[in-house]
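See structure below.
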Amino acid sequence: RDKEAAIVFDIENGKEIEELYANEHNDVNGISYSRKERKITSASYTADKSKRHFFDDEAKATYEHLQSELPGYEIAITSATKEEDKYIIRTYSDRSLGAYYLYNKASKELKHLADVSPWINEDDMAEMKPIQYQSRDGLTIHGYLTLPKGKENAKGLPVVVNVHGGPWARDYWGFNPEVQFLANRGYAVLQMNFRGSTTYGRKFWEASFDQWGLSMQEDVQDGALWLIEQGIADPKRIAIYGGSYGGYATLQGLVKDPDFYACGVDYVGVSNLFTFMKGIPPYWAPYLDMMYEMVGNPSVEEDSIRMAATSPALNADKITAPLFVAQGANDPRVVKSESDQMVEAMKA
């Protein structure tokens, strides 16, 4: 199937018995279970925010009551007594790391225990709003836009396009100190779940295979172009920034579209797909065949030609915008030489 689903499976005979729940748009990523009642109560998935599908009316009523008591927050039950009559509740949002509460199911009493980050005044923080746009080849790309507080209706803002790492991961709605820092300094921050981002199903993930620096990169730029169309972005003040794969997307963005981005910040970014693949750590060896399929196999001529064209360190002469490079000396995955060779190529 394209989307991960909650199923009942006969292990002994290797057969699927029943599909409990599947979501049309997103992978099911969790199942909640009552140990006391010995039954599944809900399945969870992540769309723009966390969502639940309930199998149990009592569990649904409890959750809906908590939501009514704590509006605007995501809610997670982190612990319960054996009798399941008292719960530890954790909240979080885009403007706060939230708090812990003790909830008495019988009396419906909700007692505040502690704030996770009491030094943060959420009223000073900017809202992270879910957005979506179309890629140039027709895919729906979901993401988040954070506008500086007080400038929610402003036009022509400077923008930081913040590309997530992975790349087979995703951005989530929630408190992000990096995003808040940038928004506080007056930047609009755009995050997008480009093709290959997880939780959107197998087809969307596989659309990223062999597409580092190509359609994956176009998904990123299409988000910035969408912001320009909306009038939100100043087309002359768009920066690109990210770590790991996001660092690679920064470098490749400056190579592929040298006049589009005003500047770039690359943090522990891959710069050369050949050395990146060669530097796969030994404990990743079982994963290597998958990496060849997803990124490219340097020993295959067709892949090699593509990888050379999409390795920023081999195409640094195309970069004209200011570039800042940051690297951790002991990073085990994107090793220091990835940044060193990029800096050397830029100097040359």
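Predicted model only: the values in this text are computed from it and were never measured. Note that the numbering runs from 1 along the sequence shown for the chain. Just so you know, these numbers use all the heavy atoms, side chains as well, and skip hydrogens, waters and symmetry mates.
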Table please: side-chain donor-acceptor pairs of residues 3-14 below 3.5 Å, with sequence neighbours left out.
| unit_1 | atom_1 | unit_2 | atom_2 | d |
| --- | --- | --- | --- | --- |
| D10 | OD1 | E12 | N | 3.2 |
| D10 | OD1 | N13 | N | 3.1 |
| D10 | OD2 | N13 | ND2 | 2.8 |

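Between the side chain of E74 and the backbone N or O of S50, at least one donor-acceptor pair lies under 3.5 Å. The closest donor-acceptor contact from the side chain of S339 to the backbone of K336 lies at 3.5 Å or more, if one exists at all.
By the neighbour-count criterion of 12 heavy atoms within 6.0 Å, atom OH of Y267 is sparsely surrounded, having that number or fewer from other residues, nucleotides or ligands.
Other residues sharing the hydrophobic cluster of Y100, ordered by chain and number and joined by side-chain separations under 4.5 Å: I88, L97, L102, L113, V116, W119, I120, M125, F175.
By the side chain to side chain contact (heavy atoms under 4.5 Å, CB included) test, A233 is found to be paired with V159, L227, I228, I238, residues two or more places apart in sequence or in another chain being considered. A search for ring-ring contact (aromatic ring centres under 6.0 Å, His included) contacts involving Y144 returns nothing, not counting sequence neighbours. Applying the ring-ring contact (aromatic ring centres under 6.0 Å, His included) rule to H53 yields the partners Y21, F55; only residues at least two apart in sequence or on another chain are considered. The side chain to side chain contact (heavy atoms under 4.5 Å, CB included) check on N121 picks up D123, D124, with sequence neighbours excluded.
Ring planes of H142 and Y200: parallel class, angle under 30° (limits at 30 and 60°).
Salt-bridge formation is not detected for the pair K129/E152: no Lys NZ or Arg NE/NH1/NH2 atom is positioned less than 4.0 Å from an Asp or Glu carboxylate oxygen.
A cation-pi arrangement is not found for R35 relative to Y33, the charged atom failing to lie both closer than 6.0 Å to the ring centre and inside a 45° cone about the ring normal.
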